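Worksheet: the structure to be examined is printed underneath.
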Amino acid sequence: MVKVLLVLLCLVLPWLAVLIKEGPSMRVLWAFLLQLCGHIPGVVYGIYRVVQD
């Protein structure tokens, strides 16, 4: 259930979903920078990071 909510959050703010899942790290910065470059790359990276165990 939590993963589903995080994936839905990835569609809006991918960096926030990665932050909630993994805590502060360089991966959050990557998600933020990818979202700045284009929303779709940020969403794809965010979903990848949230779904991966």
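Small disclaimer: the values here were computed from a predicted structure and weren't measured. We number each residue from 1, following the sequence as shown. Heavy atoms only: backbone and side chains are in, while hydrogens, waters and symmetry mates are out.
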L29-V44 co-clustered via ILVMFWY side chain contacts under 4.5 Å
no
Tightest non-hydrogen contact, residues L6 and I20, listed as CD2-CG2, 3.8 Å
Of L13, L11, L34, the one forming a side chain to side chain contact (heavy atoms under 4.5 Å, CB included) with V43 is L11
Of all heavy-atom pairs linking G46 and P14, the shortest is CA-CB, 4.2 Å
Applied to residues 27-40, the salt bridge (charged side-chain N to carboxylate O under 4.0 Å, His left out) test, sequence neighbours excluded, yields E22-R27
**OH (Y45) with more than 12 external heavy atoms under 6.0 Å** = yes
(message) Is there a path of hydrophobic side-chain contacts, each under 4.5 Å between heavy atoms, that joins L5 and V51?
(response) no
In this structure, CG of L8 is separated from NZ of K3 (nearest 0.5 Å) by 14.0 Å
According to a 4.5 Å side-chain heavy-atom criterion applied to Ile, Leu, Val, Met, Phe, Trp and Tyr, with indirect links allowed, do V28 and W30 form part of one hydrophobic cluster? no
ILVMFWY cluster, V50 and I40 together (side-chain gap under 4.5 Å) | no
Tightest non-hydrogen contact, residues P41 and G38, listed as CD-O, 3.0 Å
In this structure, CG of L16 is separated from CD of Q35 (nearest 0.5 Å) by 10.0 Å
Is Y48 linked to V18 within one hydrophobic cluster, defined over Ile, Leu, Val, Met, Phe, Trp and Tyr using a side-chain heavy-atom separation of less than 4.5 Å? no
Separation between CZ (R49) and OG (S25), nearest 0.5 Å, reads 8.0 Å
